[in-house]
A.B. asks: 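Please see the structure below; I have some questions.
From a predicted model like this one, the values you see are computed outputs, not experimental measurements. Only heavy atoms go into these numbers, but all of them, side chains included; no hydrogens, no water, no symmetry mates.
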Amino acid sequence: MGGLTFMVDDKMCFGTFKGALLCRVDPAERPQLLAQEGTDIVRQGGREMKGYVHVQPFAYESDEALAFWVDKCLDFNPKAPLSKKKQKKQGK
């Protein structure tokens, strides 16, 4: 995705993307989280990524605000599905 990613239990938890925080959150909570100032929908390849929120730096400037977002990501992590790993093709 072109940023720094922090993995928890082999799953993307949060990271940086385009100068902001990329948070993997519970899709059920996403509408309320997107209502907060400094948040936006994450799109990649023209597709909306439903379980992610893009958070601008001013929205996690304080330690408390950063902890809020990291906690949201860590809370969802146990429920987040594992990505299917692509198997490497054997050479002929």
A.B. asks: Can you get from F68 to L34 by hopping between Ile, Leu, Val, Met, Phe, Trp and Tyr side chains that sit under 4.5 Å apart?
C.D. replies: yes
A.B. asks: In the structure I gave you, are the side-chain heavy atoms of R43 and M49 within less than 4.5 Å of one another anywhere?
C.D. replies: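 SC-SC contact between R43 and M49 ruled out.
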A.B. asks: Determine yes or no for a side-chain-to-main-chain donor-acceptor pair under 3.5 angstrom, with T5 supplying the side chain and G15 the backbone.
C.D. replies: no
A.B. asks: Please tell me if the side chains of V53 and Q36 come closer than 4.5 Å, counting only heavy atoms from C-beta onward.
C.D. replies: no
A.B. asks: Can you get from F17 to M7 by hopping between Ile, Leu, Val, Met, Phe, Trp and Tyr side chains that sit under 4.5 Å apart?
C.D. replies: yes
A.B. asks: Would you please name every residue forming a side-chain hydrogen bond (donor to acceptor under 3.5 Å, both in side chains) with E48, sequence neighbours left out?
C.D. replies: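 Per chain and number, E48 pairs via side-chain hydrogen bond (donor to acceptor under 3.5 Å, both in side chains) with R30.
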A.B. asks: Compare every heavy atom of P57 with every heavy atom of G19, then report the nearest pair and how far apart it is.
C.D. replies: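 Scanning both residues, the minimum pair turns out to be O-CG, 3.2 Å.
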A.B. asks: Just how far is it from atom CD of E61 to atom CD of Q56, taken to the nearest 0.5 Å?
C.D. replies: 12.0 Å
A.B. asks: To the nearest 0.5 Å, tell me how far T16 OG1 sits from L21 CG.
C.D. replies: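 These two atoms lie 8.0 Å from each other.
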A.B. asks: Can you find a pair of side-chain heavy atoms, one from V55 and one from L33, that are under 4.5 Å apart?
C.D. replies: no
A.B. asks: Between A65 and S62, what is the shortest heavy-atom contact and its length?
C.D. replies: N-OG, 3.0 Å
A.B. asks: Spell out, as yes or no, whether a donor-acceptor pair under 3.5 Å connects the side chain of D9 to the backbone of K11.
C.D. replies: no
A.B. asks: If hydrophobic clusters are built by linking Ile, Leu, Val, Met, Phe, Trp and Tyr wherever their side-chain heavy atoms come under 4.5 Å apart, do V8 and L4 end up in the same one?
C.D. replies: yes
A.B. asks: Just how far is it from atom NZ of K50 to atom CD1 of I41, taken to the nearest 0.5 Å?
C.D. replies: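 Taking NZ in K50 and CD1 in I41, the distance rounds to 8.0 Å.
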A.B. asks: Measure the shortest side-chain to side-chain distance between Y52 and Q44 over non-hydrogen atoms and say whether it is less than 4.5 angstrom.
C.D. replies: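 Heavy-atom side-chain distance check fails, nothing below 4.5 Å.
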A.B. asks: Enumerate the salt bridge (Lys or Arg N to Asp or Glu O under 4.0 Å) contacts for residues 66-77, please, sequence neighbours excluded, ordered by first and then second residue.
C.D. replies: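 Passing the test, one end in residues 66-77: E29-K72.
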A.B. asks: Would you say the side chain of F6 lies within less than 4.5 Å of the side chain of L74, judging by non-hydrogen atoms?
C.D. replies: no
A.B. asks: Examine F58 and L22 and state if one hydrophobic cluster contains both, with Ile, Leu, Val, Met, Phe, Trp and Tyr joined whenever side-chain heavy atoms are less than 4.5 Å apart.
C.D. replies: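 They do not share one cluster, since no chain of ILVMFWY contacts under 4.5 Å joins F58 to L22.
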A.B. asks: For E37, I'd like to know if atom CD has over 12 heavy atoms of other residues, nucleotides or ligands within 6.0 Å.
C.D. replies: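 It does not: E37 CD has 12 such atoms or fewer within range.
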A.B. asks: Say whether V25 and Y60 are linked into one hydrophobic cluster, either directly or through other cluster members, by side-chain heavy-atom distances under 4.5 angstrom.
C.D. replies: yes
